[in-house]
2 protein chains.
Amino acid sequence: MADIPARNEIGVTTGPIRGSKKVYVPAQGNPDVLVAMREIHLEPSSGEPPVRVYDASGPYTDPRAQIDIAAGLPELRRNWIRGRGDVEEVAQREVKPEDNGQLGPDRSGGVPGFPNVRKQVLRARPGMNVSQMHYARAGIITPEMEYVAERENLGRARLAEYVRDGQDWGASIPDYVTPEFVREEIARGRAIIPNNINHPESEPMAIGRNFLVKINANIGNSAVASNVASEVDKMVWSIRWGADTVMDLSTGRNIHDTREWIIRNSPVPIGTVPIYQALEKVGGIAEDLTWEIFRDTLIEQAEQGVDYFTIHAGVRLPYIPMTAKRVTGIVSRGGSIMAKWCLAHHRESFLYERFDEITEIMKTYDIAYSLGDGLRPGSIADANDEAQFSELYTLGELTRRAWEQDVQVMIEGPGHVPMHKIKQNMDKQLEACGEAPFYTLGPLTTDIAPGYDHITSGIGAAMIGWYGTAMLCYVTPKEHLGLPDRDDVKVGVVTYKLAAHAADLAKGHPAAKVRDDALSRARFEFRWRDQFNLSLDPDTAEQYHDQTLPAEGAKTAHFCSMCGPKFCSMKITQEVRDFAAKQNQPSSEFLAAAPVANAEQGMKEMSEVFRETGSELYIGAGGREHD
Amino acid sequence: MADIPARNEIGVTTGPIRGSKKVYVPAQGNPDVLVAMREIHLEPSSGEPPVRVYDASGPYTDPRAQIDIAAGLPELRRNWIRGRGDVEEVAQREVKPEDNGQLGPDRSGGVPGFPNVRKQVLRARPGMNVSQMHYARAGIITPEMEYVAERENLGRARLAEYVRDGQDWGASIPDYVTPEFVREEIARGRAIIPNNINHPESEPMAIGRNFLVKINANIGNSAVASNVASEVDKMVWSIRWGADTVMDLSTGRNIHDTREWIIRNSPVPIGTVPIYQALEKVGGIAEDLTWEIFRDTLIEQAEQGVDYFTIHAGVRLPYIPMTAKRVTGIVSRGGSIMAKWCLAHHRESFLYERFDEITEIMKTYDIAYSLGDGLRPGSIADANDEAQFSELYTLGELTRRAWEQDVQVMIEGPGHVPMHKIKQNMDKQLEACGEAPFYTLGPLTTDIAPGYDHITSGIGAAMIGWYGTAMLCYVTPKEHLGLPDRDDVKVGVVTYKLAAHAADLAKGHPAAKVRDDALSRARFEFRWRDQFNLSLDPDTAEQYHDQTLPAEGAKTAHFCSMCGPKFCSMKITQEVRDFAAKQNQPSSEFLAAAPVANAEQGMKEMSEVFRETGSELYIGAGGREHD
């Protein structure tokens, strides 16, 4: 077990994020549902209450939690799931060598199975449908929905005086999220709560246009790099910084065992691309893929607790040649696997033909569809072309078919799109897919900055998030170049958190601006620690500050490192306030914009008033990044 | 001279950017004007010509150039300036101790004066106006305009088959830039060429809505950090990565000498905020500032060769109290200096009252105005408020007054603005300032990510650049926290280059997409070196690639580090192409989207065709960042 830390040495990062503490807020109307949040405490001098922020980090940031990755997380949703009386326990499908890519001799490389595997798993009783959409359409408000409602409100009470400011492009964002609103959105298909009944460790979260914009982080084992322990650590690390869901894109060997370790320790929904594992089972020969092997893989992953499956059922045979004239052809791995299968057999995709059978499986475990865009553009040149939109409309058709069985659906989107073509992607998706949540990869707004694609895509992500995309799949600085390490994962997550937040602000989400304003007040009042703690990455903020002003005193000093100790524009603003206050008159009447030279006496008086308010002497030390 | 490298040890980075070489392209119609560009050479296997890119790096990237920062750069424009016969040589204003902040005892810290200072400087002959706008309005096409035209075309010939694609929001971007078009834009005030007649070392560049979007980098000495040599190095470093202009925001001591070192070695326009130095001259007491001291500072800097001045003449007395209710008040340093002066004397700003006299100085040296937005918002909460827009309309009034004397003008903009309020900034600026070039700082689209503000602002910068902003002032990761070091400067510059390029793409600039497409083709064809060399930061791109696949062979291998050696989606696309080609029919007729099950025979045949085209066996190794 070389690469798995012993029980007494946790291989993941734990402990609170600086300046904040974990709190559990009782859900409205159901105090038994305790919603995890993070509270950032401000300096007493601020006279402000703690700021509650959305927290995807799970028990790992709670000092009171006992973390043991060899045992897995507690089953938060166990009683909710069983309490509905529509599930049965069955023996888990037996793990086969090929599930871990073990063809022939043992190639496990000493990767151990998860010690605490469940022998019994859950599935819907015959004829039952355990999807949240099914409950919602039956008028049932589940604890999962109650959890989500409180979580989206960031635990705040209804704000009577809340003033709406934003452009939501036709979304229906409420001033206050009620459990009933969540139920309606799920029933309508406009939001999903991905939470497989075999992943009771997960904390419910919603993905939908009318909720806070979410982000996904990709991790995964591969033949060339990483090991199980480092993937579990990457999962915990990515949610610490804000990943709302995590996709395990493991390939090669030990796929099954790696996934078990990740799911059992994950408080966020886990997504996968089942075709990857199916391909491994046929030795990597796409043409040899069969419906039977794929179906068996779905059951295998469903029983482990995967919360959403990327299914590239929109890659239809007739669309494949539409990519022939592209600059970068087919760049989706799943899409190209299916393209290869379709061409080899010259048949329609079995994912498309067997779609309703797949849906039967989804509703038996409450797994959400993430309909893959296998024909998404891989370059600015290929954006918004015939192949891409042909597939999108097929995804719309499949969405309606899934909804007929009350199965939750989200739609994957591009990719590489120049800014002026981004909105068309959102508009067509809303039209084609009946407002099913959109889940995009970026998009990258230019191709010329490899090494900085977290930024080229962060621009597109913020924009499409504003236009209505519900979840943004992160891109790290290593995109197109290599495999992201721990630092890349953090940079990717923080970049996408700020993009998602910028989108929430622009949409006018009631809860979003609270944090910006609190940080701005802290900045204005030189509460440095509050400024660090309110930021998405307090560690980096403080570190950068200390590179210029290492002294401890500088963190409490009332000046900023831009303008130095003697001159400060923000201090002058305070004088302006004192002065304006002394004037005791509204700014509009403060003084006519007309020439004032003929008011000598009045000026002398006001001049005195100013000197009385105290005009200390400041000596400049350099406004480095602003004039 | 401790902090200045000796002549034989250059303290700046020189040599070509990898994979490219410096070229000098003769301007259309005037072969005497040689325009500096960079040519990126591609692998012979590509069968593609070199890609010419815009190059602001000056002689430092030309191996043939003799670099000696103690001597300064050659005077590229010397004969153009003198050839017009409207300038006279005069003795340079004598440098006073207070120009370097030397009040009382010597505090120079051993900073030497520039060894090669000109004793004689140029100015317009009495009654003459040497501004490019003045020549343009007189119908004269200057060599500067010819230089700019060729530069904006990236040396390419007129593209007959060019297909326009973009949304330019009402701009007038031509398919091909002619010297006459440049002249018209300058005459119209819609573009500027900042190039003081005392900065003949500068390579002409245009800032305007209908030209490529430009970026500015800020550097500068300060009392707490850095020295002259490191500032010169930062200037050279920032233009190496693409800064089109550089602002010297030095404060504290040795301002005059630092500026001399920077200007004499800069091939790009240099901007300053004269009020900073004026404040030093009065010991940092804003109330003691006088028109005479400020005017003397303008002359001092004009004779050194500063190309544009930030003048906060829009901070009028009546607007100051409008900031009293803001969350972050006045955050502009120049703005708060003037606010303090106005309040202390309770007088209208002397910058506003003396504006026409300042303009007289500007036209005597061809210095462009950068009208400062001293009341810009410092937080999301303060965006687009009364104070900000009141000042903006005053800047519009001042623009027209400057234009009456044929003086070039650009307008500074915010700041901190949520995405949904960005376009209003652009629209109001166009309306208020008659399309004078807009020059914005970001804007930051959220306040909650200190440490990542190059990204929060890169999002806003790309968007407002798309909407029509002509130049984007960079923001580094240290914004709000500390002083940027060399690495921060590079990250800030590259981030803003990609934002500016994303804007050019979205506006449909004819020259922009060439580089994206070349890089995408290189990516598709696994020409790794070409992909690195075509990127904005080849060093980082290759370094990231090598972290995953260090082997030299991996750079020529035809697979990518995402999917490994055996399986590759891009290889499959090639099969799709071969297949589609063999079909010899357009994709639309390839196959009806209708069920295909009833075409068994045809399928078997096509299936054979595919096998003949060769379907090699691929084994997956992990699509890490895309499915």
Side-chain angles (χ1 to χ4, degrees), chain A residues 167 222-223 251 273 284 318 321-322 324 327-330 333-334 336 343 346 379-380 418-420 445-447 449-451 459 462 479 481-483 498 502 505-506 516 519-520 524 535-536 540-541 544-545 548 561 569 572-573 577 580 587 590-591 593 603 606-607 619-623 627, chain B residues 167 222-223 251 273 284 318 321-322 324 327-330 333-334 336 340 346 379-380 418-420 445-447 449-451 459 462 481-483 498 502 505-506 516 520 524 535-536 540-541 544-545 548 561 569 572-573 577 580 587 590-591 593 603 606-607 610 619-623 625 627:
Chain A
Q167 155 63 289
S222 90
T251 58
V273 186
M322 295 177 184
V327 169
T328 50
I330 299 175
R333 191 158 175 271
S336 50
L343 291 182
H346 211 274
S379 60
I380 292 298
M419 282 190 286
H420 67 294
T445 52
T446 170
D447 298 326
I459 294 167
E479 178 78 10
L481 299 169
L483 306 181
L498 72 86
L505 277 178
D516 295 76
L519 190 144
S520 295
F524 180 71
S535 67
L536 289 177
T540 298
Y544 283 179
H545 172 272
T548 301
S561 43
S569 53
I572 286 184
T573 300
R577 288 184 178 177
S587 62
F590 176 72
L591 193 75
M603 277 176 209
M606 284 177 142
S607 206
I619 297 173
D627 58 19
Chain B
Q167 154 63 291
S222 89
T251 57
V273 187
M322 296 177 183
V327 169
T328 50
I330 299 175
R333 190 158 176 270
S336 50
K340 181 155 183 147
H346 210 274
S379 60
I380 292 299
M419 282 190 286
H420 66 294
T445 52
T446 171
D447 298 325
I459 293 166
L481 298 169
L483 306 181
L498 71 85
L505 277 177
D516 295 78
S520 295
F524 181 71
S535 67
L536 289 177
T540 299
Y544 284 179
H545 172 272
T548 302
S561 43
S569 53
I572 287 183
T573 299
R577 287 183 178 179
S587 62
F590 177 74
L591 192 73
M603 278 175 206
M606 285 176 144
S607 207
F610 177 66
I619 298 172
E625 301 198 18
D627 57 18

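Residue numbers start from 1 in every chain, and the chains themselves are labelled A, B, ... in the order their sequence lines are given, proteins ahead of strands.
Using a 4.5 Å heavy-atom cutoff, the side chains of A:Arg333 and A:Val273 are not in contact.
Note: B:Ala502 leads B:Ala502, B:Pro418, B:Ala449 in heavy-atom pairs under 4.5 Å with chain A. Counting heavy-atom pairs closer than 4.5 Å to chain B, the top residue among A:Asp516, A:Leu505, A:Thr446, A:Ile459 is A:Asp516.
Looking at B:Asp447, its side chain does come within 3.5 Å of a backbone N or O of B:Ile380 through a donor-acceptor pair.
Residues passing the side chain to side chain donor-acceptor pair (under 3.5 Å) test with B:Thr445: none are found, sequence neighbours excluded.
Expressed to the nearest 0.5 Å, how far CE of A:Met322 lies from CD1 of A:Ile330 amounts to 11.5 Å.
Only the side chain of A:Leu519 comes within contact range of chain B, judged by heavy atoms closer than 4.5 Å.
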